[in-house]
Each structure stands twice: as C-alpha cells, then as structure tokens.
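The next block holds one structure in the form of structure tokens; read it before the comments.
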Amino acid sequence: MLAPALAAIHHDPGHHWTVAELARTGSVSRSALGERFRLVLGRSPMRYVAQWRVHRARDLLATTDLGVAAVGRRVGYEAEEAFSRAFKRSTGTSPRDWRAEHRVDVTAVRSAPR
C-alpha cells in the first residue's frame, strides 16, 4: 500500500498530488493510506510530499545551476514565492541562502580520483 504511493511521489515530486490519487496508486482508500503513512512514517501523505519536495530541492540547489524559480517548478511549486516560503518553513533559511552554504562543486566531484 505504501510502496506504490512512495514510488509515485519519488518518481515525480513536481506532480500536484492529492491523497485520493496516491490512494489509487496503492488500491486503498484515502483513510487507509493516511493511517498507514502516519503509522509507518509518522506524518500524513501530504506532509510527506511537502518534505520530499524540499529534500529534492536541496539536492537540486546544491548540485545544479538552476535558478530558484526553476528548482521550485521542478519540485511542484508554480510560484517562486510559494516555493521559497515552503523551503524556509522546512529548513529555516531561504533557498538562496541555503544554496550559498551548501553548494557542491560538481565538476570537482566528477573529476576526483577513485
């Protein structure tokens, strides 16, 4: 029941998920899905979606040159302001400030000896 919903969220965090749609992926009711999310993950399905989006956004901010608005769109926010508010609510800092502190030099990582 959880695996199909989690796979869908992870595959396409930018999709405008609803609990009903996620429940359909696991062939369960909305209430059963919500109950299972809370039991196993300690949060509601939509809270998980929001947290996964921020997780993916942190990765994109650290490893790409995409602008903040583009990162926001990739993870499901139509407006940069909405993305920035959600990101700051989750991390305590703005996407730009977070990027400045966590930027990864991808070229250095790729060319490092193995």
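Numbering of residues begins at 1 and proceeds along the displayed sequence.
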Problem set entry | Chi angles and distances behind the side-chain contact (heavy atoms from CB on, under 4.5 Å) call for Met46, Val19 | CA-CA 7 Å; Met46 297 318 294; Val19 175; 3.7 Å; yes
For this session: Determine, step by step, whether His10 and Tyr48 satisfy the ring-ring contact (aromatic ring centres under 6.0 Å, His included) criterion, reporting the C-alpha distance in whole Å, the side-chain angles of both residues, the deciding distance to 0.1 Å, and the verdict.
Result: CA-CA 10 Å; His10 293 175; Tyr48 184 86; 5.8 Å; yes
Minimum heavy-atom distance [X]-[Y], with the two atoms named:
| X | Y | result |
| --- | --- | --- |
| Ala32 | Met1 | O-SD, 3.7 Å |
| Trp98 | Thr91 | CD1-CB, 4.5 Å |
| Ala5 | Phe37 | CB-CE1, 4.2 Å |
| Asp65 | Arg99 | C-NH2, 4.1 Å |
| Trp17 | Asp12 | NE1-O, 3.0 Å |
| Thr18 | Glu21 | OG1-N, 3.0 Å |

Please check if [X] and [Y] belong to a single hydrophobic cluster, counting links between Ile, Leu, Val, Met, Phe, Trp and Tyr side chain heavy atoms closer than 4.5 Å.
| X | Y | answer |
| --- | --- | --- |
| Val49 | Val28 | yes |
| Leu33 | Trp52 | yes |
| Leu41 | Ile9 | yes |

Problem set entry | Residue Arg47 excluded, over 12 heavy atoms near CZ under 6.0 Å |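 12 or below, so no.
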Exercise. Has Gln51 got more than 12 heavy atoms of other residues, nucleotides or ligands less than 6.0 Å from its CD?
Worked result: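 Result for CD/Gln51: enclosed.
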Donor-acceptor contacts under 3.5 Å from residues 70-84 side chains, at least two apart:
{"from": "Glu80", "atom 1": "OE2", "to": "Arg96", "atom 2": "NH1", "distance (Å)": "3.2"}
{"from": "Glu80", "atom 1": "OE2", "to": "Arg96", "atom 2": "NH2", "distance (Å)": "3.1"}
{"from": "Ser84", "atom 1": "OG", "to": "Glu80", "atom 2": "O", "distance (Å)": "3.1"}

Can any side-chain N or O of [X] pair as donor or acceptor with the backbone N or O of [Y] at less than 3.5 Å?
| X | Y | result |
| --- | --- | --- |
| Arg38 | Gly34 | yes |
| Thr25 | Leu22 | yes |
| Arg30 | Ala20 | no |

Problem set entry | Check: Ser29/Ser31 side-chain N/O donor and acceptor closer than 3.5 Å |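 Note: Ser29 and Ser31 side chains meet the donor-acceptor criterion.
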Exercise. Just one of Val54, Leu60, Val68 clears the side-chain contact (heavy atoms from CB on, under 4.5 Å) bar with Pro95, so which one?
Worked result: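 Among the candidates, only Val68 passes.
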